[in-house]
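A short worksheet on the structure shown next.
Residues take their numbers from the sequence shown, with the count starting at 1.
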Amino acid sequence: MASTLPETLNVSRFFNRKEFSNTVEIIVNETKFVCSGVIIAQQSPVFEKLFGGGASFVLLEDFFFPGAEIVVEECLMLLYGGNVMVTIKNVESLTRFSIFYEVKFMYDLAFGWVKQNISPQNVYTLFDIANLPEVR
């Protein structure tokens, strides 16, 4: 299942706000992702609060594990309107990111995949997702 941004992407409300830095950094482990603060803030109320408050970078402490850079890169691709294939390997990380940073369309995408792909073979893996404290 691939995704695109919600159809109503309205970033104009951010452009004239002086507190928004157009260029921000998302830092995970040793990797820095340079992003548009306007686009990221449009997709996430959490990022809107961070970057609307004048922050120019954010350290994603919740994603400090080997390979976290790949997860965050996929999430950022979705925030920018790119396509990411949801799989059994990335559905938990997409779900975590969507919950922590309040990205509703990403949450809907991840759980839509779960609903379509639950099977006797992968139910235990998917059950781990349901045990995330944020989902309960």
Side-chain angles (χ1 to χ4, degrees):
M1 176 181 274
S3 172
T4 59
L5 283 173
E7 292 188 25
T8 56
L9 179 62
N10 178 12
V11 295
S12 61
R13 69 185 172 115
F14 297 102
F15 280 120
N16 294 323
R17 291 175 57 185
K18 291 182 182 179
E19 66 270 22
F20 272 95
S21 172
N22 192 37
T23 303
V24 297
E25 291 181 346
I26 307 260
I27 304 167
V28 182
N29 297 335
E30 300 294 319
T31 304
K32 291 182 183 180
F33 296 96
V34 178
C35 307
S36 165
V38 172
I39 291 174
I40 301 298
Q42 167 64 30
Q43 296 303 323
S44 163
V46 175
F47 287 133
E48 180 179 357
K49 289 175 191 165
L50 287 167
F51 299 135
S56 61
F57 71 93
V58 63
L59 185 63
L60 299 187
E61 295 177 345
D62 299 318
F63 287 89
F64 276 14
F65 56 87
E69 300 84 358
I70 295 168
V71 170
V72 172
E73 184 174 22
E74 285 184 336
C75 293
L76 291 173
M77 284 177 59
L78 284 172
L79 291 177
Y80 270 86
N83 291 323
V84 171
M85 293 301 294
V86 180
T87 67
I88 193 82
K89 293 182 180 181
N90 69 1
V91 70
E92 181 180 351
S93 298
L94 292 174
T95 302
R96 281 186 186 277
F97 189 97
S98 70
I99 292 169
F100 289 154
Y101 300 105
E102 299 177 20
V103 183
K104 183 175 178 356
F105 83 91
M106 193 181 299
Y107 181 87
D108 293 343
L109 173 70
F111 273 94
W113 185 91
V114 170
K115 288 177 188 176
Q116 289 180 348
N117 292 282
I118 195 163
S119 71
Q121 292 79 21
N122 66 18
V123 73
Y124 291 113
T125 303
L126 295 176
F127 184 69
D128 286 341
I129 296 167
N131 282 326
L132 293 172
E134 303 84 6
V135 175
R136 285 189 232 145

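- Atom NZ of Lys49 is separated from atom CD of Glu102 by 5.5 Å, given to the nearest 0.5 angstrom.
- Interatomic distance, CG of Leu50 versus CG of Leu59, reported as 11.0 Å (0.5 Å rounding).
- By the 4.5 Å heavy-atom criterion applied to side chains, Phe111 and Val91 are not counted as neighbours.
- Between Met106 and Leu79, some side-chain heavy-atom pair lies under the 4.5 Å cut-off.
- Side-chain N or O atoms of Asn117 include none that pairs as donor or acceptor with a backbone N or O of Thr87 at under 3.5 Å.
- Partner of Phe47 under the ring pair (Phe, Tyr, Trp, His ring centres under 6.0 Å) criterion, chosen from Phe100, Tyr101, Phe57: Tyr101.
- Counting only heavy atoms from C-beta outward, the side chains of Val84 and Asn90 approach each other to under 4.5 Å.
- A distance of 12.5 Å separates CD in Glu73 from CD1 in Ile26, rounded to the nearest 0.5 Å.
- Between Ser36 and Val24, the shortest heavy-atom contact is C-CG2, 4.2 Å.
- Residue Ile70 is not grouped with residue Val103 when hydrophobic side chains (ILVMFWY) are merged at heavy-atom distances under 4.5 angstrom, including chains of intermediate members.
- Annotation: side chain of Phe51 is in contact with side chain of Val58 (closest heavy-atom distance under 4.5 Å).
- For the pair Glu69 and Glu30, the tightest heavy-atom approach, listed with the atom from each and the gap, is OE2-N, 4.3 Å.
- In this structure, the side chains of Val71 and Phe97 stay at 4.5 Å or more apart for every pair of heavy atoms.
- In this structure, the separation between CG on Leu78 and CG on Leu94 is 6.0 Å, given to the nearest 0.5 Å.
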